[in-house]
Amino acid sequence: MSTLNPRQKEAVLYVDGPLLVLAGAGSGKTSVITRKIAYLIETCGIKAHHIAAVTFTNKASREMKERVGKLVKGPASRGLTVSTFHNLGLNIIRREHKLLGFKPGFSIFDAQDANALIKGLMQKDNLEETDLVDTIQHLISSWKNDLIGPDRAYQQAQNPNEELAARVYASYNRSLRAYNAVDFDDLILIPTLLFQQRSDVLERWQRKIRYLLVDEYQDTNTSQYLMVKLLVGIRGGLTVVGDDDQSIYAWRGARPENLALLKTDFPSLKVVMLEQNYRSTSRILKAANQLIMNNPHEFEKTLWSEMGSGDPLRVIVNRNEDAEAERIAADIIERRLRLQNHYRDYAILYRGNHQSRLIEMKLQVNQIPYKLSGGTSFFSRAEVKDIMGYLKVLINPDDDNAFLRIINLPRREIGPGTLEKLASYATERKVSMFEACGELGLTQVLSARAQAKLHEFSHWLKAVHQRCYQNDPIEVIKQMIRDIDYEAWTYQNCNSELQAERRMANVGFLVDSLQRTLERLQEDNPDAEIDDAVTRLLLIDMLEQQEEDEDDDRVQLSTLHASKGLEYPHVYLIGMEEELLPHRNSIEDDFVEEERRLAYVGITRARKTLTLTLTRQRKQYGELIDTVPSRFLDELPEEDLEWFGRDPGCEVENKAQGRATLSSLRDLLK
DNA sequence: TCCTTTCGTATTTTT
DNA sequence: TACGAAAGGA
């Protein structure tokens with residue numbers, strides 16, 4: 001407790017009612033949450049299994065678990081819930097699945113699955129507007145986030161497109177039910193609706209969760225907020241931590257106004273402000289403060305630190321994006337040698353993913369190791385989807401979506417014609433496609449050959465399913481992957497041997513993760529079965545875990561969005577131009593405030609130095625465009641900025657200097 | 001079924 | 001310009 005400042009202490013000690021902690025960037029909010037959990041357990045005598053801490057990402061929840069584990073030793077922390085919103089929702093649905101009418105082992109549809117399902121539904125109804133699939137998917141998701149059901153969506157529809165989307169929404173939900181599946185949004189929506197409708201169930205959960213802590217509160221959407229409100233009830237055992245200035249996810253349904261709403265919903269709300277920053281120099285913070293002052297505020301806050309004033313912020317103007325990338329590469333090489341530090345101390349942040357390409361190229365040329373955040377997530381890789389498809393069907397034979405993915409993979413000579421007939425037969429009989437495979441009525445519609453193929457497949461799968469619940473399930477699954485000779489299939493479908501090897505490594509990693517997940521679940525609950533583990537696995541992004549093992553002295557490349565929550569000694573914020581940051585679409589739609597927060601997030605990632613770069617000309621859609629410096633540059637304190645290449649003349653000199661430094665450094669290294 | 005060509009489009013992304 | 005998706009041909 002002695003390591004906390006007075007504000008932080010106040011936030012930890014206040015347990016008499018609902019509390020809002022407005023935690024500025026780098027103000028030690030994770031410390032506050034973890035210490036508060038320790039305080040609740042050790043001093044307030046609240047049992048760990050009555051406390052839940054909720055985050056948005058797996059990464060955040062993993063970090064929090066780790067830090068609580070260090071503070072609260074031994075069995076006292078047993079039963080503590082630290083999880084993502086979605087994982088909490090999943091747990092609630094699992095526990096209440098009977099009441100909700102789900103069979104155990106229900107599937108979770110990710111965005112891709114949902115997209116495929118919507119497309120399929122529209123094709124089945126002979127709807128022409130297949131180009132609207134993405135729009136409709138997005139609309140359905142926002143409706144779900146706003147707790148609007150298909151009926152109300154239809155009533156509220158403003159135009160024919162929305163009407164169509166509402167109709168698709170209804171059949172989409174029916175299909176999910178038929179498949180014994182839920183989508184990501186349902187993981188929050190379904191428990192929330194259940195709580196609204198069944199006060200007895202709500203009370204049960206309120207008795208279980210007596211104190212709730214929520215991280216990154218500004219990122220909650222309407223259904224998440226309602227879930228929190230219902231769970232907390234009148235008891236008021238609630239601490240939320242958030243920062244309205246770091247709200248950068250409004251475009252995907254986050255409601256930063258939920259922060260202000262708390263005041264209305266909990267009149268006794270206490271507000272604590274954390275303004276001391278432990279990360280950045282005061283020059284960086286001054287710039288951040290001055291920038292964000294241009295946004296309207298519900299809560300005024302000003303960050304300060306005792307880290308010294310530090311270097312001025314550099315602003316480097318380059319001729320074009322090529323020069324920008326080169327300049328940064330040279331700068332990193334030069335600084336690393338001069339400051340005797342590591343590649344991992346540097347981060348390059350940008351607005352759009354495409355901006356990383358040129359940078360990557362120049363880093364490669366200069367042999368600077370780098371790590372790209374984001375990219376395709378582990379679960380969207382084809383090989384992972386394939387095996388997950390098998391696992392899904394194994395634990396939930398009703399999942400037609402997964403069934404269709406794997407039925408002909410590897411080739412089983414079951415073509416589209418057969419599948420179409422099977423599908424319509426299954427729909428007619430109101431059974432899943434897998435179930436339909438074994439039915440006798442198929443003789444009427446299918447050739448003997450096609451039927452034999454289907455039989456063969458369904459028998460085999462049924463056998464695997466049974467063995468899964470009798471013997472060591474992981475061994476059974478490994479055998480299954482050998483049975484289908486997935487390895488041969490992979491090698492056949494890859495361009496290079498290396499690619500195939502990587503894919504098989506991913507498959508191996510998937511199975512290992514499944515095993516670890518199962519073991520972890522069985523520690524808490526010896527009855528846990530393979531279906532628990534598979535469902536759980538769907539919510540974990542293993543890419544993060546995987547990357548941690550690799551050697552990590554690399555320059556970090558990241559979008560501004562993905563950089564939230566992280567920090568680096570030296571940050572380059574590139575592309576400080578109008579139309580890029582703020583992005584042109586945001587300017588048009590008047591969302592500049594969120595773009596400003598995005599810039600704010602970027603600036604506050606930096607600990608020691610911050611370098612802002614821009615170009616005079618940039619290629620846009622193949623055309624060379626004269627750029628305008630970002631308005632955000634004008635909003636920074638001029639006296640703390642050091643410009644390079646602002647006048648056209650000295651920029652040439654700059655470049656020459658950069659080249660010279662670079663080549664002399666190269667010689668030096670040889 | 002695979003490969004080529006053409007066409008359209010062009011933030012941010014977690015679960 | 002540069003990519004991915006969809007369509008068309010072998």
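Every chain is numbered from 1 and lettered A, B, ... according to where its sequence line falls, protein lines coming before strand lines. Everything numeric in this text was worked out from a predicted model, so none of it was measured.
The side-chain tip of A:Lys392 does not point at the ring of A:Phe403 from less than 6.0 angstrom away and within 45° of straight on.
Per the geometry, CZ belonging to A:Arg357 stands 7 Å off C1' belonging to C:dC3, to the nearest Å. Taking atom CG on A:Asn145 and atom C1' on B:dT15, their separation rounds to 11 Å, with Å as the unit. What separates OH of A:Tyr249 from C1' of B:dT14 is a distance of 7 Å, to the nearest Å. The interatomic distance linking A:Glu216 (CD) with B:dT13 (P) rounds to 15 Å, in whole Å. Taking atom CZ of A:Arg536 as the reference point, atom P of B:dT15 lies 14 Å away to the nearest angstrom. Rounded to whole Å, atom P of B:dT13 lies 18 Å from atom CG of A:Asn221. Between the CG atom of A:Leu598 and the P atom of B:dT13 there is a distance of 10 Å, given to the nearest Å. A:His86 has its NE2 atom 11 Å from the P atom of B:dT14, to the nearest Å.
Residue contacts shown for A:Phe56 are limited to sugar-phosphate atoms, with no base heavy atom under 4.0 Å away. Heavy atoms of A:Glu595 sit under 4.0 angstrom from at least one base atom.
Checking B:dT13, B:dT11, B:dT15 against the side-chain heavy atoms of A:Ser586 singles out B:dT11 as nearest. The A:Arg252 side chain lies nearest to B:dT13 when the options are B:dT11, B:dT13, B:dT15. With distances taken from any side-chain atom of A:Tyr621 to the nucleotides B:dT12, B:dT14, B:dA10, the minimum falls on B:dA10. The listed nucleotides are B:dT12, B:dT15, B:dT11; the one nearest the side chain of A:Asn58 is B:dT15. Distances were taken from every side-chain heavy atom of A:Ala562 (C-beta onward) to each of B:dT15, B:dT11, B:dT13; the shortest belongs to B:dT13.
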### Task
Would you check, one step at a time, whether the test side-chain contact (heavy atoms from CB on, under 4.5 Å) holds for A:Leu117 with A:Leu176?
CA-CA 9 Å; A:Leu117 175 54; A:Leu176 282 178; 4.0 Å; yes

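Distances shorter than 4.0 Å separate some side-chain N or O of A:Asn353 from OP1 or OP2 on B:dT12.
Taking atom C1' in both C:dA2 and B:dT13, the straight-line distance is 22 Å, to the nearest Å.
Evaluated for a salt bridge (Lys or Arg N to Asp or Glu O under 4.0 Å) with A:Asp219, the options A:Arg252, A:Arg255, A:Lys564 yield exactly one hit, A:Lys564. For the pairing with A:Lys144, the side chain to side chain donor-acceptor pair (under 3.5 Å) check across A:Asn221, A:Asp185, A:Asp186 returns one residue only, A:Asp186.
Taking the syn range as angles within 90° of 0, the glycosidic angle of B:dT11 is syn.
Under the stacking criterion of a centre-to-centre distance below 5.5 angstrom and an interplanar angle below 30°, A:Trp251 sits stacked against the six-membered ring of B:dT12. Between A:His583 and B:dT11, a base-stacking contact is recorded: ring centres under 5.5 Å apart, planes less than 30° from parallel.
Under the 30°/60° scheme for interplanar angles, the aromatic rings of A:Tyr169 and A:Trp143 are found to lie parallel.
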